[in-house]
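Atom set for the values below is all heavy atoms of this structure, side chains included, hydrogens, waters and symmetry mates excluded. Chain letters run A, B, ... following the sequence lines, proteins first, then strands; residues in each count from 1. Just so it is clear, the model here is predicted, and its values are computed rather than measured.
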Number of protein chains: 2
Amino acid sequence: MSARAIPYRPHNHDACVSQALTDARAICQRQNARLTPIRERVLELIWQSHKPLGAYDVLAELSSDGHNAAPPTVYRALDFLQQHGLVHRIASLNAFIGCTHAGEHHTGMFLICRACGNVLELTAPAVSTEVGKAASEEGFRAENTTLEIAGLCPRCQAEPDHD
Amino acid sequence: MSARAIPYRPHNHDACVSQALTDARAICQRQNARLTPIRERVLELIWQSHKPLGAYDVLAELSSDGHNAAPPTVYRALDFLQQHGLVHRIASLNAFIGCTHAGEHHTGMFLICRACGNVLELTAPAVSTEVGKAASEEGFRAENTTLEIAGLCPRCQAEPDHD
DNA sequence: TAAAATTTGAAACATTATAACATTTACAGG
DNA sequence: CCTGTAAATGTTATAATGTTTCAAATTTTA
Ligand SMILES: [Zn+2]
Ligand SMILES: [Zn+2]
Ligand SMILES: [Zn+2]
Ligand SMILES: [Zn+2]
């Protein structure tokens, strides 16, 4: 797997998308899960940028596809994709983003730029370790971590108002 | 300030509430902010337990007070309380909880028990440090951290189905 | 092929949050 | 005490997000 694209910088994003779809197909096959056309299309839509997309945004895109979908269609597809580690929900934004570590067993940490809206997913083992330590010091059995950092990406610190 | 009550264990919760209200009055005075009757009442309602309360739950309680309130009343009060560091919003639950470190300048980390619903707010400097490190390694200027851990509290690990 | 399980369609509804504008209240200066 | 101003609250409507339910179609299994 090659070096990961940085959302904040221009890059060949088509490569991000096709890599994500290729990975998804492999992962679903391995897990005996069915990446149906709707699910694949939703994943593709989610990956259209590195900015999280709301469920109703996905719905609107499906509609402009000519697909007459209702909310449950989208939420089901998103549930499926989450279940199989292909997308993450960003709780602080009520929105969804493609996982850049699909298949890698990880706990995502998300850097969310409040200016450009792009999100970078990191794996930070040191953070996970400290979180686990803090939880177990309280006797708490951690199952699921939501870690979302809002702030300014390097690009927007230098030069505001990027897309 | 005495040792903090552990939400997961029985304790004199009236003491939690009155401490929180006393602290809130002092903090607002120091900040020249007006802790009006509505705001104080909302804070008291939020503190009625260590389980996060939804905005519409607050609304319902206000109504049963005989106060004929609409959603904006509650959201405004909650915004005020958040602004002054008296309550936190738990993004993964769309709900609000009293801050147990009001006035202490901190980044909250929340241990959310999925069985009993209680939430413990921690300050974990080591976690904050690692989060800061991970962000700055990416050149990201972190401004706001959402850190919520769902799992099982000690009590519910031992003995399920507590309230 | 027939039965079973999974996936999708469709309609209604529930929950959470905000916009917009009117009214009231608190406060400072005259 | 009045009065102008800003802050806070009331009120109505609406937007945004997410779920329940049941029916129909599709895929898988036997
Ligand atoms: Zn890309
Ligand atoms: Zn991921
Ligand atoms: Zn208590
Ligand atoms: Zn706090």
Side-chain angles (χ1 to χ4, degrees), chain A residues 24-25 28-46 51-63 65-84 86-97 117 146 148 150, chain B residues 24-25 28-29 31-46 51-63 65-84 86-97 112 117 146 148 150:
Chain A
R25 284 182 204 112
C28 287
Q29 189 145 48
R30 214 182 308 141
Q31 303 187 7
N32 270 315
R34 293 167 51 198
L35 190 63
T36 62
I38 292 180
R39 291 166 176 173
E40 185 168 329
R41 178 65 179 137
V42 169
L43 182 60
E44 190 183 11
L45 287 169
I46 289 292
K51 302 177 194 178
L53 206 60
Y56 279 75
D57 297 328
V58 173
L59 189 58
E61 304 261 15
L62 283 179
S63 296
D65 274 9
H67 189 299
N68 186 15
T73 302
V74 171
Y75 282 102
R76 284 168 186 153
L78 289 171
D79 283 351
F80 172 91
L81 295 170
Q82 280 183 91
Q83 222 84 64
H84 295 84
L86 301 172
V87 309
H88 294 287
R89 181 169 190 276
I90 306 294
S92 57
L93 299 176
N94 297 330
F96 300 82
I97 191 158
T146 299
E148 302 169 10
Chain B
R25 285 183 203 112
C28 287
Q29 189 146 48
Q31 303 187 7
N32 270 314
R34 293 170 50 201
L35 190 63
T36 62
I38 293 180
R39 291 166 176 172
E40 185 169 327
R41 179 64 179 138
V42 170
L43 181 59
E44 191 183 9
L45 288 170
I46 290 291
K51 301 176 194 178
L53 207 59
Y56 279 76
D57 297 327
V58 173
L59 190 58
E61 303 261 14
L62 284 178
S63 296
D65 273 10
H67 190 298
N68 186 15
T73 302
V74 171
Y75 282 102
R76 283 167 185 156
L78 290 170
D79 282 351
F80 172 91
L81 295 170
Q82 280 183 92
Q83 223 83 62
H84 294 85
L86 301 172
V87 308
H88 294 287
R89 181 171 190 276
I90 306 294
S92 57
L93 300 175
N94 297 330
F96 300 82
I97 192 160
I112 305 167
T146 298
E148 302 169 8

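- Between the CG atom of Asp79(A) and the C1' atom of dT7(C) there is a distance of 13 Å, given to the nearest Å.
- Put simply, CG on Asn32(B) is 18 Å from P on dA6(D), counting in whole angstrom units.
- Here dT8(C) presents its P atom at 15 Å from CG of Asp65(A), a figure rounded to the nearest Å.
- Rounded to an integer number of Å, the gap from Leu35(A) CG to dT7(C) C1' is 13 Å.
- Listed nucleotides: dA8(D), dG9(C), dT7(C). Nearest to the side chain of Arg34(A): dT7(C).
- When atom types are taken as modelled, the side chain of Glu148(A) and the backbone of Ala91(A) share a donor-acceptor pair closer than 3.5 angstrom.
- Heavy atoms of other residues, nucleotides or ligands lying less than 6.0 angstrom from CD of Gln82(A) number more than 12.
- With distances taken from any side-chain atom of Pro72(B) to the nucleotides dA19(C), dG18(D), dT9(D), the minimum falls on dA19(C).
- Put simply, His67(B) has a side-chain N or O that comes within less than 4.0 Å of OP1 or OP2 on dG10(D).
- Asp57(B) places its CG atom 16 Å from the P atom of dA14(C), with the value rounded to the nearest Å.
- Distance Leu53(B) CG to dA17(C) P: 12 Å, rounded to the nearest Å.
- Rounded to whole Å, atom P of dA10(C) lies 13 Å from atom CG of Leu62(A).
- Each of Ala95(B) and Thr73(A) was assigned the nucleotide of DNA chain C with the nearest heavy atom; the assignment lying further toward the 5' end belongs to Thr73(A).
- If you check every strand for non-hydrogen atoms under 4.0 Å, Arg76(A) touches a base.
- Atom CZ of Arg89(B) is separated from atom CD1 of Ile97(B) by 13.5 Å, given to the nearest 0.5 angstrom.
- Between the side chain of Tyr56(B) and the base of dA17(C), at least one donor-acceptor pair of N or O atoms lies under 3.5 Å.
- At least one donor-acceptor pair under 3.5 Å links the side chain of Arg39(A) to the backbone N or O of Arg34(A).
- Electrostatic pairing of Glu61(B) and Arg41(B) does not count as a salt bridge here, judged by no charged N lying under 4.0 Å from a carboxylate O.
- In the set dA10(C), dA26(C), dT28(D), dA10(C) carries the atom at the smallest distance from any side-chain atom of Asn68(A).
- Summarising the geometry, the separation between CG on Asn94(B) and P on dA16(D) is reported as 16 Å, rounded to the nearest angstrom.
- Of the candidate nucleotides dG10(D), dG18(D), dA17(C), dG18(D) has the atom nearest to the side chain of Tyr75(A).
- The side chain of Pro71(B) lies closest to dT18(C) when the candidates are dT11(D), dT19(D), dT18(C).
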